[in-house]
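What follows is a single structure, written as structure tokens, with notes after it.
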Amino acid sequence: MHWVILDATWDDGTYVVLKKVDLTLATQEIEMAKLLSSPELAEDPKNHCVPILNIIKVDGSNTAFIVMLLSFFTGFAPFETISEDEIVRLKQPPWGGDRMVPEHLIPNAPPCDPFLMDVCCIGNIVQESFVKGSKDRKPKQGFESMRGLISDMTNKDPTQQPTMDEVMDCFEKLVEELDKWTLRSPVVNSDDRLSIIGALYHWAKQLIYTVRDFPTNPQASRLQL
């Protein structure tokens with residue numbers, strides 16, 4: 001892994017990550033991490049920050065290790081339908097999580113506007129993972145409706161970018177405009193298509209889900225520690 005990050009196993013068998021922190025450089029990182037993992041803020045439904053399990057300080061040095069849950073890349077887990085990709089993977093997180101930190105800044109922290117960077121970074125991630133693709137990823141079918149929003153989020157002029165609240169409002173409206181069959185469509189690369197057997201299997205399953213009244217827009221549940 002990255003030279004400041006090491007995977008490990010917690011006492012109870014939970015897979016965790018140890019992040020090395022230089023206390024002379026990251027003077028507020030640990031305090032912010034502890035604040036966002038405090039009992040009060042941990043229960044906030046908008047707080048999707050990775051929970052901090054422990055802080056290990058090395059005696060006689062300016063080094064500490066943050067112990068947190070092991071996370072994966074956004075494309076790690078395959079999803080069957082567009083609704084799963086749009087509602088679960090894109091909304092919970094990253095949308096909700098990035099509205100959390102600025103609302104609970106440490107008192108007297110240097111003035112800044114982290115929203116602008118968050119909006120642009122998330123826009124670039126979605127653009128490269130789903131909308132336009134990149135050298136390592138192909139764009140996905142069914143995400144064309146997000147092009148306008150992503151274009152606004154990645155505007156080269158930060159003052160013209162929407163706020164995170166505006167992003168959320170626009171995203172939810174885009175999802176509401178999609179019919180249930182579009183949301184239940186398979187997630188495939190833009191230049192791919194399902195085989196006849198694959199398509200029959202997918203739509204038969206989605207038809208059963210519809211008859212059994214399974215929700216088109218699944219909701220992600222928060223991890224309980």
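Sequence positions, counted from 1, serve as the residue numbers for this chain. In what follows, every heavy atom counts, from backbone to side chain, and hydrogens, waters and symmetry copies are set aside.
- Remark: the Thr163 side chain and the Asp165 side chain contain no N/O donor-acceptor pair separated by less than 3.5 Å.
- Counting heavy atoms from C-beta outward, Ile122 and Met164 have side chains that approach closer than 4.5 Å.
- A side-chain donor-acceptor contact under 3.5 Å links Gln141 to the backbone of Asn189.
- Leu69 is connected to Ile56 through a chain of hydrophobic side-chain contacts under 4.5 Å among Ile, Leu, Val, Met, Phe, Trp and Tyr, so both are in one cluster.
- Residue Gln127 holds its CD atom at 5.0 Å from OG1 of Thr154, rounded to the nearest 0.5 Å.
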>> If you apply the rule side-chain contact (heavy atoms from CB on, under 4.5 Å), what do you find for Arg147 with Lys132, and how did you get there?
In response: CA-CA 9 Å; Arg147 288 184 179 275; Lys132 289 186 177 181; 3.8 Å; yes
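- The NZ atom of Lys34 sits 13.0 Å away from atom CE of Met32, with the distance rounded to the nearest 0.5 Å.
- Asp22 contributes atom CG, which lies 9.0 Å from atom OG of Ser61 (distance to the nearest 0.5 angstrom).
- Using a 4.5 Å cut-off on side-chain heavy atoms (C-beta onward), Gln160 and Asp152 make no contact.
- The shortest heavy-atom contact between Pro139 and Val131 is CB-O, 3.2 Å.
- Looking only at side-chain heavy atoms (C-beta outward), Asn54 and Trp10 come within less than 4.5 Å of each other.
- When the shell of 6.0 Å around CG of Asp12 is examined, it contains more than 12 heavy atoms from other residues, nucleotides or ligands.
- Taking CD1 of Ile55 as the start and CD1 of Ile66 as the end, the distance is 4.5 Å to the nearest 0.5 Å.
- No side-chain heavy atom of Val187 sits under 4.5 Å from any side-chain heavy atom of Phe130.
- For the atom pair OG of Ser38 and CD1 of Ile52, the computed distance is 11.5 Å after rounding to the nearest 0.5 Å.
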>> Please determine whether side-chain contact (heavy atoms from CB on, under 4.5 Å) holds for the pair Val126 and Phe143, giving the CA-CA distance in whole Å, both sets of side-chain angles, and the decisive distance to 0.1 Å.
In response: CA-CA 10 Å; Val126 177; Phe143 294 88; over 6 Å; no
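- To the nearest 0.5 Å, the span separating CE on Met68 from CG on Leu53 amounts to 9.0 Å.
- Between Glu172 and Val175, the closest side-chain pair of non-hydrogen atoms is not below 4.5 Å.
- Heavy-atom minimum distance, Val188 versus Asp192: CG2-O, 4.2 Å.
- Counting heavy atoms from C-beta outward, Leu70 and Val16 have side chains that stay 4.5 Å or more apart.
- Residues Tyr201 and Leu207 do not share a hydrophobic cluster, clusters being chains of Ile/Leu/Val/Met/Phe/Trp/Tyr side chains in contact below 4.5 Å.
- Taking every heavy atom of both residues into account, Pro158 and Lys156 meet most closely at CD-O, 3.2 Å.
- There is no path of hydrophobic side-chain contacts, each under 4.5 Å, that joins Leu200 to Leu194.
- Contact of the Trp203 side chain with the Arg184 side chain is registered, since non-hydrogen atoms from C-beta on lie closer than 4.5 Å.
- No side-chain donor-acceptor contact under 3.5 Å links Ser151 to the backbone of Gly148.
- Closest of all the heavy-atom pairs between Val50 and Ser37 is O-OG, 4.2 Å.
- Across all their heavy atoms, Asn155 and Gln161 have their closest contact at O-NE2, 3.1 Å.
- Two residues are said to be in side-chain contact when any heavy atoms from C-beta on lie closer than 4.5 Å; Tyr15 and Thr9 meet this criterion.
- Without hydrogens or angle criteria, Glu43 side chain to Leu41 main chain gives no donor-acceptor distance under 3.5 Å.
- Taking a 6.0 Å sphere around CZ of Phe214, one finds it holds more than 12 heavy atoms contributed by other residues, nucleotides or ligands.
- Closest non-hydrogen pair, Glu29 versus Ala26, comes out as OE1-CB, 3.4 Å.
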